[in-house]
There are 2 protein chains.
Amino acid sequence: MAISEAQFLKDHDVHPTAQRLAVMRAISASPHATADHIFEIAGSDLGVISRQSVYDALSLLVASGLVRRIQPSGSPALYEDRVNDNHHHIVCRLCGTVRDVDCSVGLRPCLDADDTLGFEIDEAEVAFWGRCPSCLASGRVASALDPSTDRRQAKRSSAVPQYHPDQNR
Amino acid sequence: MAISEAQFLKDHDVHPTAQRLAVMRAISASPHATADHIFEIAGSDLGVISRQSVYDALSLLVASGLVRRIQPSGSPALYEDRVNDNHHHIVCRLCGTVRDVDCSVGLRPCLDADDTLGFEIDEAEVAFWGRCPSCLASGRVASALDPSTDRRQAKRSSAVPQYHPDQNR
DNA sequence: TCAAGTATTTTGACTCATTCAAAATATTGA
DNA sequence: TCAATATTTTGAATGAGTCAAAATACTTGA
Ligand SMILES: [Mn+2]
Ligand SMILES: [Mn+2]
Ligand SMILES: [Zn+2]
Ligand SMILES: [Zn+2]
C-alpha cells in the first residue's frame with residue numbers, strides 16, 4: 001500500500017516523491033530489471049516520467065542502501081530490492097536470464113580472500129556463468145552474452161580451401 | 001622474442017599478424033589494461049594500428065583462450081594473459097586498482113553453487129571490492145568507482161536550513 | 001607469375017547505456 | 001507570499017564498443 005511505501009523511503013531519509021515511489025515499486029515488482037525496463041514500468045504506472053528521473057531515483061536508492069545494482073558483463077545494470085543478504089547471481093550465457101543464488105555455508109568462504117594484499121575488503125561479488133535449464137533443454141547454442149563467441153565471422157561464401165582452416169573451429 | 005611469440009599464437013590457431021602480436025605483447029606487458037590502453041601501447045609499438053583492429057584482435061584472442069577479459073562494474077573491460085588458473089580480482093573502489101587474488105583452498109568452494117537451480121555452470125567469477133593499501137594510507141574518501149556514491153549532488157550554496165537535511169549524509 | 005578467392009585491416013558511421021548541464025517546476029519554511 | 005532549496009525535465013554529450021563496407025594483404029592453384 002502507498003502509505004507504507006512512502007514511509008519506508010522516509011525511514012531511510014529518502015524523500016518519497018511520486019517518481020521515486022514508482023521506481024521503487026517497479027524494482028520490487030520485477031527484480032533484476034534494467035533501467036530501461038524500470039523506465040517503462042514506472043512510466044505506465046505514473047503516466048509519464050523522464051529517463052533522467054529514473055536514473056536519479058536509482059542512484060539515490062542505491063546510495064541509500066534500499067536498492068542493489070548489479071552489473072553482469074555484457075549487460076546493462078540490473079536493479080533489485082533484495083539488499084544486505086549478500087546473495088549471488090547466476091547468469092545464463094545464452095538468454096541472459098539472471099537468478100539469485102543464496103550465499104550458502106559452502107560459499108561463505110568467498111568473503112575472505114586468502115591474501116588480501118593489504119586491501120580492506122567490504123564486498124565479495126560472485127557471478128556464476130552457465131546455461132539455464134530452458135536453454136539447455138532447447139539446445140540453443142550461442143549468443144551475444146557469451147564472451148567466448150567471436151561475433152565478427154568471416155563470410156565463408158564457398159567450400160573451397162580456407163586461409164587458416166581451423167581458426168574458428 | 002618475436003619468433004616464439006608468433007609460434008605461440010600459431011599453436012593456438014591464431015594467425016600471428018603484426019597487429020595481433022602487438023596487442024598480445026601489450027597485454028603481457030601490462031596486465032589488466034583497457035582496450036584503450038592497449039591501443040596506445042600497440043600503437044606506439046607498431047607506429048600505427050586502428051582501434052578496430054585492437055578490438056578484433058582482443059576478441060579473437062579471448063575467443064581462442066589466450067587472453068582473458070574481465071569486466072569490473074563501472075569500468076571498461078580489462079585484459080590479461082593469465083588464463084586457465086581461475087584466479088580472482090580485488091578492485092579498489094577509490095582508485096580502481098586491480099590486483100590478482102589466487103584462488104586459494106578457502107575460495108575453491110565458490111566454484112560450486114549450493115543450489116545451481118538447474119543451470120550448468122562453467123565459470124564462477126569472483127570480484128572483491130574494497131580499498132587498496134595506498135588509498136587507505138592517504139585517507140582518500142570517494143570516487144567515480146564507488147557505486148554507493150551519488151554523483152549528482154545538490155549545490156549547497158549556504159549553510160541555511162536544508163530541504164531534507166541528512167539525505168546525503 | 002597471375003588471378004581469384006580469402007583473410008585482415010582500416011575507415012567512418014552508428015548504437016546503447018549512461019551522464020552532464022541547464023532550464024523549468026515544485027516544495028519548503030520564514 | 002517569497003526566496004531558498006529540491007526535484008524533475010529537456011536535450012546535448014560521452015565512452016566504450018559494434019557494424020558495415022571499402023581498402024589491403026596474403027595464399028594457392030592454374
Ligand atoms: Mn538478486
Ligand atoms: Mn588477473
Ligand atoms: Zn538461458
Ligand atoms: Zn586505491
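Just so it is clear, the values below take in all heavy atoms, side chains as well, and ignore hydrogens, waters and symmetry mates. In what follows, chains carry the letters A, B, and so on, assigned in the order in which the sequence lines appear, proteins first and then strands, with residues in each chain numbered from 1.
Proximity of a side-chain donor or acceptor of Ser30(A) to a complementary backbone N or O of Ala26(A) within less than 3.5 Å is detected.
Contacts of Thr17(B) classified as side chain to side chain donor-acceptor pair (under 3.5 Å), with partners at least two apart in sequence or in another chain: none. When the side chain to side chain donor-acceptor pair (under 3.5 Å) test is applied to Asp100(B), the partners found at least two apart in sequence or on another chain are His32(B), Arg82(B), His87(B), His89(B). For Glu125(A), there are no salt bridge (charged side-chain N to carboxylate O under 4.0 Å, His left out) partners, not counting sequence neighbours. Not counting sequence neighbours, the partners of Arg68(B) by the salt bridge (charged side-chain N to carboxylate O under 4.0 Å, His left out) test are Glu80(B).
Spacing between atom CG of Leu46(B) and atom P of dT8(C) amounts to 16 Å, rounded to whole angstrom units. Between the C1' atom of dA22(D) and the CD atom of Gln52(B) lies a distance of 14 Å, rounded to the nearest Å. Here dC26(D) presents its C1' atom at 14 Å from NZ of Lys10(B), a figure rounded to the nearest Å. Computed from coordinates, the Phe39(B) CZ to dT11(C) C1' distance equals 12 Å when rounded to whole Å.
For His15(A) and dT7(D), the shortest distance from a side-chain N or O to OP1 or OP2 is below 4.0 Å.
Distances from the side chain of Ser53(B) to the nucleotides dT10(C), dT8(D), dG11(D) place dT10(C) closest.
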When you compare the protein's N or O atoms with those of nucleotides 14-18 of chain C, which come within less than 3.5 Å of each other, and at what distance?
| from | atom 1 | to | atom 2 | distance (Å) |
| --- | --- | --- | --- | --- |
| dT18(C) | OP1 | Ala77(A) | N | 3.0 |
| dT18(C) | OP2 | Tyr55(A) | OH | 2.9 |

Show which side-chain atoms of residues 37-48 of chain A pair as donor or acceptor with protein atoms under 3.5 Å away, not counting sequence neighbours.
| from | atom 1 | to | atom 2 | distance (Å) |
| --- | --- | --- | --- | --- |
| Ser44(A) | OG | Ile41(A) | O | 3.1 |
| Asp45(A) | OD2 | Arg25(A) | NE | 3.1 |
| Asp45(A) | OD2 | Arg25(A) | NH2 | 3.1 |

